[in-house]
Amino acid sequence: MKAKLIANPHAGKDRAGELLVALNERLRPATGGELGVVLTVAPGDACHAAELAAKEGCEAIFVVGGDGTLNECLNGVARVPGALERVTFGLVPLGTGNDFARALGLPEDVDAALDVLAAARVAHVDLGVLGDRVFVNASAGGFIAEVSDAVDTRLKSIAGKLAYVVGGAGALLEHEAIPLTIAVDGGAAFAVEASFFAVCNGRTIGGGRNIAPRALVDDGLFDVVVLRGVGPLELVQVLSEVARSEHVEDERVVYTRAKSLELTSPRPFKVNTDGEVLEVTRASYRILPRAARFFAAPVMPFSVNR
């Protein structure tokens with residue numbers, strides 16, 4: 001099996017580079033010895049490397065990093081017609097949040113995660129599409145995207161998961177609700193002032209915050225969470241409910257499922273897709289059921305097939 005390992009050397013507080021020899025030794029036997037290695041240097045490198053790997057006929061791409069590196073690799077492969085149908089992704093969870101690794105049932109311990117990858121059990125999972133980009137875990141806007149934008153690579157390297165706390169404190173002081181018009185599955189649109197929204201395939205964001213506790217990664221549906229506009233103190237209260245998975249019943253929260261979703265606003269707003277932040281005035285989402293292949297645990301914790 002021809003395979004490529006694409007590594008963000010700064011992942012895991014700069015541990016990825018140190019682990020390359022061990023990763024190569026563990027993963028190469030599973031590929032029959034055909035494992036190329038690429039180190040990323042700048043944004044976009046992982047996308048380009050994954051696109052080349054798909055064009056070269058690679059059947060497996062191992063991604064060493066977090067949700068952002070994985071997002072780049074998915075989009076690189078998606079540029080090659082038919083490649084998503086034949087490439088299987090293996091995620092080595094060395095990111096700050098590792099939210100989609102959690103959805104695949106991958107342990108946080110790298111050696112234990114490599115055991116899962118070496119077993120080569122394949123799961124088919126949904127992909128989301130926002131504009132011309134795909135994503136696999138979640139896309140969120142408003143306060144959540146503002147936090148992501150405040151958490152840069154340097155801060156992640158220094159603080160790890162605490163980076164989200166630091167970034168969140170700064171974003172909270174500057175946050176304003178977004179005026180949105182939302183249409184679900186092509187139905188009648190409704191207007192809302194939103195402190196944040198999340199369009200989810202996986203259940204968690206931000207390093208384990210259970211934003212969509214009912215989500216399944218292979219059911220062909222997004223779980224959509226919208227928090228109506230609130231002040232800073234109420235926002236902190238709702239975020240604490242999210243940490244306890246109690247926000248779903250909060251009357252300030254809209255929770256629904258959808259195959260497609262359209263959000264528009266009269267002013268630009270930030271949107272995070274698997275860690276990559278964009279600025280838009282329109283966000284059009286659709287889902288691609290079971291469109292991507294991943295090495296996963298024998299029973300994925302969030303799978304409809306369990």
Side-chain angles (χ1 to χ4, degrees), residues 8 40 42-51 63 65-79 84 95-97 99-100 126-156 163-164 167-168 170-172 174-184 192-202 204-207 209 211-212 222-227 229 258 260-288 291-292:
N8 173 4
T40 64
D45 283 357
C47 182
H48 181 63
E51 181 181 4
V63 181
D67 294 326
T69 306
L70 175 59
N71 181 269
E72 280 201 34
C73 290
L74 280 166
N75 278 280
V77 173
R79 292 177 179 177
L84 283 173
T96 305
D99 286 296
F100 197 67
D126 302 334
L127 286 180
V129 181
L130 171 60
D132 60 355
R133 294 186 63 83
V134 298
F135 64 95
V136 72
N137 189 63
S139 176
F143 177 75
I144 297 172
E146 290 159 10
V147 172
S148 295
D149 201 34
V151 180
D152 61 19
T153 301
R154 178 177 170 76
L155 184 58
K156 287 182 181 180
Y164 292 109
L172 186 64
E174 300 178 3
H175 171 67
E176 294 181 6
I178 310 166
L180 286 178
T181 301
I182 302 176
V184 177
V192 62
E193 293 279 329
S195 281
F196 68 70
F197 67 85
V199 181
C200 303
N201 187 36
T204 69
I205 61 173
R209 276 68 173 180
I211 188 78
F222 293 122
D223 279 44
V224 181
V225 184
V226 182
L227 172 63
S260 65
L261 192 73
E262 179 125 344
L263 301 93
T264 57
S265 177
R267 64 176 176 84
F269 58 95
K270 291 177 181 176
V271 179
N272 172 334
T273 54
D274 290 343
E276 302 300 309
V277 180
L278 314 171
E279 190 166 74
V280 299
T281 56
R282 177 186 298 271
S284 299
Y285 294 94
R286 60 189 175 91
I287 201 156
L288 302 177

> So how far is it from Leu74 CG to Leu127 CG, rounded to the nearest 0.5 Å?
Replying inline: 6.0 Å
> Between Ala50 and Cys73, which heavy-atom pair has the shortest distance, and what is it?
Replying inline: CB-O, 3.4 Å
> If you take all heavy atoms of Glu193 and Pro179, which pair is closest and at what distance?
Replying inline: OE2-CB, 3.5 Å
> Is the backbone N or O of Asn137 less than 3.5 Å from a side-chain atom of Asn201, with the two atoms forming a donor-acceptor pair by type?
Replying inline: no
> Could you state the interatomic distance from OG (Ser195) to CG (Leu227), rounded to the nearest 0.5 Å?
Replying inline: 4.5 Å
>> With side chain to side chain contact (heavy atoms under 4.5 Å, CB included) as the criterion, how do Val225 and Phe197 come out once you've worked through the C-alpha distance, each side chain's angles and the decisive distance to 0.1 Å?
In response: CA-CA 5 Å; Val225 184; Phe197 67 85; over 6 Å; no
>> Contact between Asp274 and Phe100 at the side-chain level, heavy atoms closer than 4.5 Å - yes or no?
In response: no
> Which distance, rounded to the nearest 0.5 Å, do you find between the CG of Leu180 and the CG of Leu263?
Replying inline: 5.5 Å
> Between Asp67 and Asn71, is any side-chain donor less than 3.5 angstrom from a side-chain acceptor?
Replying inline: no
> Is the side chain of Thr281 donor-acceptor paired with the backbone N or O of Pro266 at a distance under 3.5 Å, no angle test?
Replying inline: no
>> Checking Arg282 now: which residues fulfil salt bridge (charged side-chain N to carboxylate O under 4.0 Å, His left out) with it, not counting sequence neighbours?
In response: Glu262
>> For Phe135 and Phe222, take the angle between the two ring planes, folded into 0 to 90°, and tell me which bin it lands in: parallel under 30, tilted 30 to 60, perpendicular over 60.
In response: parallel
> Is the backbone of Ala46 close enough, under 3.5 Å, to the side chain of Glu72 for a donor and an acceptor to pair up by distance?
Replying inline: yes
> Can you tell me how far the OG atom of Ser265 sits from the CD1 atom of Ile178, to the nearest 0.5 Å?
Replying inline: 6.5 Å
> Are any of the side-chain heavy atoms of Val224 and Ile182 separated by less than 4.5 Å?
Replying inline: no
>> Using 0.5 Å steps for rounding, measure from the CD1 atom of Ile144 to the CZ atom of Arg209.
In response: 11.0 Å
> Any idea which heavy atoms bring Pro268 and Glu279 closest together, and the distance?
Replying inline: CB-CG, 3.8 Å
> Sequence neighbours excluded, which residues qualify as salt bridge (charged side-chain N to carboxylate O under 4.0 Å, His left out) partners of Arg79?
Replying inline: Glu51
> Roughly how far, to the nearest 0.5 Å, is the CD1 atom of Ile205 from the CG atom of Asp99?
Replying inline: 7.5 Å
